[in-house]
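Okay, structure first, notes after.
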Amino acid sequence: MGSILDKFEAGKTVLSCEIFPPKKEEEFLGIQSKLDKISEIGPDFISITYGAGGSNAGKAVEIANYAKNSAKLEVVSHITSVGFTKEKLDEGLAKFKEIGIDNVLVLRGDRPKNMTDEEFNSRDFLHASDMAQYIRSAGMDFTMVGACYPHRHPESATDEIDVMNTKIKVDCGCQLLISQLFFDNSYFLRLVDKLHDLGVKVPISAGIMPITSAKQLGTTVTLSGTTVPEELSSIISKYGDDPAQMRKYGVDYAIKQAMELKERGVDGIHLYIMNKPELAEEMFAALR
Ligand code: FAD
């Protein structure tokens, strides 16, 4: 089994990036050439998101198949408990195994806009940890990854509760954590310290998103609940109306953020590249 855990060695910063299945059918072929390009750039692994209930949900397996078997990338496939019954999960995991996927990111998932209360509340697994426990106790041979939150998950009342729940995920079988994106490194470093204090020993990768437009930042902050440091907001005020300058300074900010984390000895850096291989190329070149 090709476990991504083998990539995490002492003294190395594991570099990975996230891909999402495109929403439109006509963009699907384009994703294959993007995966080929990413393969040339050579991340340690990529992860492929899953949107429960979305029209592109079925594409996640197809894209994982191409990434793993044609582009020869090491793949982590996301799976969400929202939209999945136990039976559907078993089927989905069997499909992943069939195409050679050994790593899954277990998530509760967010509720899609068109999902009713009844559909949302009737999921078989309440939390990511319940799904991890099920997969582990069924003896399925996957390396499991979980999500963690430098600004705590929006549904958690306190940081302490959120960190305890993250530890539960690890206790239930998650062997690697990948963080939600953040723009202020102190939040991530504090989360890592808290998890270490609780005895969590698995690697923890930092989620970094290069911001290349003012609009992207607005959507990102709404979705992730992260805060925007003064330095980044002044980049937006100065260059928000100038796409070329905005891109340059946005990428520079992300490189500076990632370099500082690398110097602090973080286990890994996971880039949210919005399906843009050129962002991974620039960022990885700087980090290597
Ligand atoms: P959980 O771990 O279940 O946590 C949700 C809430 O419940 C938190 O407040 C947590 O503190 C609490 N909690 C957790 N475990 C327990 C427990 N055992 N007992 C009591 N309370 C508990 N969404 C998608 O739809 N598709 C994707 O592909 C996707 N990829 C993502 C990748 C990363 C790296 C990250 C950080 C997020 C991703 N998301 C994705 C978003 C994610 O689904 C949402 O943030 C979702 O709201 C929470 O998912 P989770 O797995 O962290 O949930």
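What you are looking at is a predicted structure, and each value in this text was computed from that prediction instead of being measured. Both backbone and side-chain heavy atoms feed into the values below; hydrogens, waters and symmetry mates do not.
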Next on the checklist: For K95, is the NZ atom crowded, meaning more than 12 foreign heavy atoms sit under 6.0 Å from it?
Outcome noted: no

Item to check | Short N-O contact, E278 and K37, less than 4.0 angstrom | outcome: no

Item to check | Side chain K34, main chain N275, donor-acceptor under 3.5 Å | outcome: yes

Next on the checklist: How about CZ on R190, more than 12 heavy atoms from neighbouring residues, nucleotides or ligands closer than 6.0 Å, or not?
Outcome noted: yes

Next on the checklist: Would you say that L189 contacts L261 through its side chain, given a criterion of any heavy-atom pair below 4.5 Å between the two side chains?
Outcome noted: yes

Checklist entry - Do other residues, nucleotides or ligands put more than 12 heavy atoms under 6.0 Å from the CD atom of E118? => result no

Checklist entry - Same hydrophobic cluster for L232 and Y187, using side-chain heavy-atom links shorter than 4.5 Å among ILVMFWY? => result no

Checklist entry - With side chains defined as the heavy atoms from C-beta onward, is the minimum distance between L89 and Y134 less than 4.5 Å? => result yes

Checklist entry - Within the side chain of K169, is there an N or O that forms a donor-acceptor pair under 3.5 Å with the backbone of L177? => result no

Checklist entry - When you measure from the side chain of K88 to the backbone N and O of G83, does any donor-acceptor pair fall under 3.5 Å? => result yes

Checklist outcome for this item: dist I208:CD1 -> I273:CD1 (nearest 0.5 Å) comes out at 14.0 Å

Item to check | 4.5 Å side-chain heavy-atom contact, R247 and Y239 | outcome: no

Item to check | D267 side chain vs F8 backbone, donor-acceptor pair below 3.5 Å | outcome: no

Checklist entry - Do we get R152 above Y149's six-membered ring, with its NZ or CZ under 6.0 Å from the centre and within 45° of the axis? => result no

Checklist entry - Is any side-chain N of the basic residue among D252 and K256 closer than 4.0 Å to the acidic one's carboxylate O? => result no

Next on the checklist: Membership question, hydrophobic clusters at under 4.5 Å side-chain separation (ILVMFWY): are I178 and I168 in the same one?
Outcome noted: no

Checklist entry - So do S179 and V192 actually touch side chain to side chain, heavy atoms under 4.5 Å? => result no

Checklist entry - Can you check side chain to side chain donor-acceptor pair (under 3.5 Å) on H127 and S81, steps first, answer last? => result CA-CA 7 Å; H127 292 292; S81 69; over 6 Å; no

Next on the checklist: Exactly one of T220, T212, T219 should register a side-chain hydrogen bond (donor to acceptor under 3.5 Å, both in side chains) with Q216. Which one does?
Outcome noted: T212

Checklist entry - Which pair of non-hydrogen atoms, one from M283 and one from P210, has the smallest distance, and what is that distance? => result SD-CG, 4.1 Å

Checklist entry - Checking E18 side chain against S47 main chain: does a donor-acceptor pair fall under 3.5 Å? => result no

Next on the checklist: Under a 4.0 Å threshold between the charged nitrogen and the carboxylate oxygen, would D171 count as salt-bridged to K167?
Outcome noted: yes

Item to check | For T227 against F183, the heavy-atom pair lying closest together | outcome: O-CD1, 3.7 Å

Item to check | Y50: which of V61, V104, I79, T80 passes side-chain contact (heavy atoms from CB on, under 4.5 Å) | outcome: T80

Next on the checklist: Within the structure provided, determine whether L15 and I269 are in side-chain contact (heavy-atom separation under 4.5 Å).
Outcome noted: yes

Item to check | Same apolar cluster: I161 and L195, side chain cutoff 4.5 Å | outcome: no

Next on the checklist: Main chain of A71, side chain of D36: is a donor-acceptor contact present, judged purely on distance under 3.5 Å?
Outcome noted: no

Next on the checklist: Pair E119, R111 - check salt bridge (Lys or Arg N to Asp or Glu O under 4.0 Å), show working.
Outcome noted: CA-CA 9 Å; E119 283 168 328; R111 176 179 169 163; over 6 Å; no

Item to check | Over 12 non-hydrogen atoms of neighbours within 6.0 angstrom of NZ in K12 | outcome: yes

Next on the checklist: Apply side-chain contact (heavy atoms from CB on, under 4.5 Å) to residues F188 and V266 and explain how you reach the verdict.
Outcome noted: CA-CA 10 Å; F188 177 78; V266 299; 3.7 Å; yes

Checklist entry - Can K59 be said to sit on top of F20's aromatic six-ring, NZ or CZ under 6.0 Å from centre and within 45° of the ring axis? => result no

Item to check | cation_pi(K7, F45) dist<6.0 Å, angle<=45 | outcome: no

Checklist entry - Sub-3.5 Å donor-acceptor pair from the side chain of Q257 to the main-chain atoms of F182, do we have one? => result yes

Next on the checklist: With heavy-atom distances below 4.5 Å as the criterion, would you say the side chains of I46 and V75 are in contact?
Outcome noted: yes

Item to check | I236 side chain reached by V228 side chain, heavy atoms, under 4.5 Å | outcome: no

Checklist entry - Considering all heavy atoms of both residues, which atom of C174 and which atom of V202 are nearest to each other, and what is their separation? => result O-CG1, 3.7 Å

Checklist entry - Any Lys/Arg nitrogen of E155 or R108 sitting under 4.0 Å from an Asp/Glu carboxylate oxygen of the other? => result yes

Next on the checklist: Please give me the minimum heavy-atom distance between P22 and I63, naming the atom from each residue.
Outcome noted: CD-CD1, 3.8 Å

Checklist entry - Between K262 and L287, which heavy-atom pair has the shortest distance, and what is it? => result NZ-O, 2.6 Å

Item to check | Any donor-acceptor pair under 3.5 Å from D124 side chain to K86 backbone | outcome: yes

Item to check | T49 vs H78, side chain to side chain donor-acceptor pair (under 3.5 Å): CA-CA, chis, key distance, verdict | outcome: CA-CA 5 Å; T49 67; H78 299 204; 5.4 Å; no

Checklist entry - Which atom names give the shortest non-hydrogen contact between L181 and M209, and what distance separates them? => result CD2-CE, 3.8 Å

Next on the checklist: Please evaluate residues Y249 and E231 with respect to the criterion side-chain contact (heavy atoms from CB on, under 4.5 Å), reporting the C-alpha separation (whole Å), side-chain torsions for both, the decisive distance (0.1 Å), and the verdict.
Outcome noted: CA-CA 11 Å; Y249 284 100; E231 190 184 338; over 6 Å; no

Checklist entry - Heavy-atom count around D241 CG within 6.0 Å, excluding the residue itself: above 12? => result no

Checklist entry - How far apart are the C-alpha atoms of N121 and D117, what are their side-chain angles, what is the distance that settles it, and do they pass the side chain to side chain donor-acceptor pair (under 3.5 Å) test? => result CA-CA 6 Å; N121 295 327; D117 283 351; 5.2 Å; no

Next on the checklist: With a 4.5 Å cut-off on side-chain heavy-atom distances among I, L, V, M, F, W and Y, is there a chain of contacts connecting L105 to L5?
Outcome noted: yes

Checklist entry - Within a strict 4.5 Å, meaning less than it, do heavy atoms of the M164 and L198 side chains meet? => result yes

Next on the checklist: As a quick check of understanding, evaluate side-chain contact (heavy atoms from CB on, under 4.5 Å) for H270 and Y272, giving each step before the final call.
Outcome noted: CA-CA 7 Å; H270 190 66; Y272 296 106; 4.1 Å; yes

Item to check | Evaluation steps, side-chain contact (heavy atoms from CB on, under 4.5 Å), between T166 and L191 | outcome: CA-CA 10 Å; T166 305; L191 171 67; 5.5 Å; no

